[in-house]
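Input: a single structure, listed below in structure tokens.
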Amino acid sequence: MRRAVYPGSFDPVTNGHLDIITRGAALVDELVVAVVSNPAKKPLFTLDERKEILTKTVCGLPNVRVDAFSGLLVDFVRQRQATIILKGLRAVSDFEFEFQMALLNRNLAPEVDTIFLMTADQHAFLSSSSIKEIASLGGTVARMVPSYVELKLQEKFGPRAEPVGQKVERES
Ligand code: PNS
């Protein structure tokens with residue numbers, strides 16, 4: 001059984017994450033999407049909310065399950081008897097940090113390999129933090145996140161506000 005762990009904050013899950021999950025799941029027998037418990041980061045969505053949103057989002061993918069972890073990622077990977085850490089890369093700017101993490105993780109757990117999938121180009125600009133900022137300022141995130149996430153963002157921030165600067169001033 002080839003099992004991979006895809007770790008992240010998923011605060012919230014984006015279409016970019018979903019793309020990596022879908023393509024990653026096709027490469028392994030089981031993919032565990034692992035939501036990190038990171039209260040220090042003050043996430044918008046609680047751990048339970050992030051898990052619930054992810055579970056709904058991946059329900060059409062039979063070999064994907066959602067779990068949570070705290071502490072070292074490699075400890076969780078070993079506990080789940082996985083041998084692969086799956087990561088997504090959006091741009092060269094992600095590379096340096098991810099490269100360092102992959103080397104550190106290999107140092108800690110030499111039997112675990114990190115594999116990277118390049119995000120689809122239409123998602124390359126997406127990040128959870130920019131989505132939260134757009135939603136908090138009343139912008140639309142409809143094509144950036146699954147529709148359930150859009151709903152959950154509306155619950156946090158209220159329905160989408162009238163876009164600023166779109167009113168046409170009439171001359172009197
Ligand atoms: O979605 P994010 O916030 O970029 O995910 C970061 C995550 C969860 C992958 C990273 O913070 C992590 O692996 N945390 C677990 C702690 C750990 O193992 N740290 C040592 C890695 S060298």
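This chain uses plain numbering: 1 for the first residue, then up along the sequence. None of these values were measured; they are calculated from a predicted model. Counting starts at 1 for both ligands and their atoms, in listed order.
Across the listed options P7, P43, G71, G71 owns the non-hydrogen atom lying nearest to atom 15 (C) of ligand 1.
Inclusion of L73 in the set of residues having an N or O under 3.5 Å from an N or O of ligand 1 is warranted. The distance criterion of under 3.5 Å between nitrogen or oxygen atoms is not met by N105 with respect to ligand 1. Checked against a 3.5 angstrom limit, the closest N/O atoms of K87 and ligand 1 fall outside it.
Summarising the geometry of V66 relative to K51, their closest heavy-atom pair is CG1-O, 3.9 Å, with the distance given to 0.1 Å.
Residue contact check for ligand 1: Q100 places no non-hydrogen atom closer than 4.0 Å to it. Within the structure, ligand 1 lacks A34 among the residues with a heavy atom less than 4.0 angstrom away.
When non-hydrogen atoms are compared, ligand 1 lies under 4.0 Å from the side chain of L104 (C-beta onward) but not from its backbone.
Close approach of ligand 1 to V36 is summarised as follows: ligand atoms under 4.0 Å from at least one heavy atom of the residue are 8 (C). Interface of S9 with ligand 1, defined as ligand atoms under 4.0 Å from a residue heavy atom, comprises 1 (O), 2 (P), 3 (O), 5 (O). Close contacts of ligand 1 with K41, meaning ligand atoms under 4.0 Å from a residue heavy atom, involve 3 (O).
You'll find the side chain of F95 reaches within 4.5 Å of the side chain of L89, heavy atoms only.
Within a 6.0 Å radius of CD in Q81, no more than 12 heavy atoms belonging to other residues, nucleotides or ligands are found. Applying the 6.0 Å contact sphere to CD of E96 captures no more than 12 heavy atoms from other residues, nucleotides or ligands. Atom CZ of F99 sits in a sparse spot, with 12 or fewer heavy atoms from other residues, nucleotides or ligands closer than 6.0 Å.
Distance alone, capped at 3.5 Å, places no donor-acceptor pair between the D19 side chain and the N15 backbone.
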query: Please walk me through it: do L153 and L44 pass side-chain contact (heavy atoms from CB on, under 4.5 Å)?
result: CA-CA 9 Å; L153 284 166; L44 173 67; 4.0 Å; yes
message: side-chain contact (heavy atoms from CB on, under 4.5 Å) for R2 and I84? Distances and angles first, verdict last.
response: CA-CA 8 Å; R2 192 189 296 270; I84 296 168; 3.8 Å; yes
- request: Test side-chain contact (heavy atoms from CB on, under 4.5 Å) on V64 and L31 and set out the steps.
  value: CA-CA 5 Å; V64 177; L31 179 65; 4.3 Å; yes
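Within a 4.0 Å radius of atom 3 (O) of ligand 1, the protein contributes one or more non-hydrogen atoms. Atom 10 (C) of ligand 1 is approached by the protein to below 4.0 angstrom, counting heavy atoms only. Distance check for atom 6 (C) of ligand 1: every protein heavy atom is found at 4.0 Å or beyond.
Counting protein heavy atoms only, atom 19 (N) of ligand 1 is closest to L72 CD2, 4.0 Å. Regarding atom 12 (C) of ligand 1, its nearest protein heavy-atom neighbour is M101 CE, 4.0 Å.
Donor-acceptor pairing under 3.5 Å is recorded for the side chains of S9 and N38.
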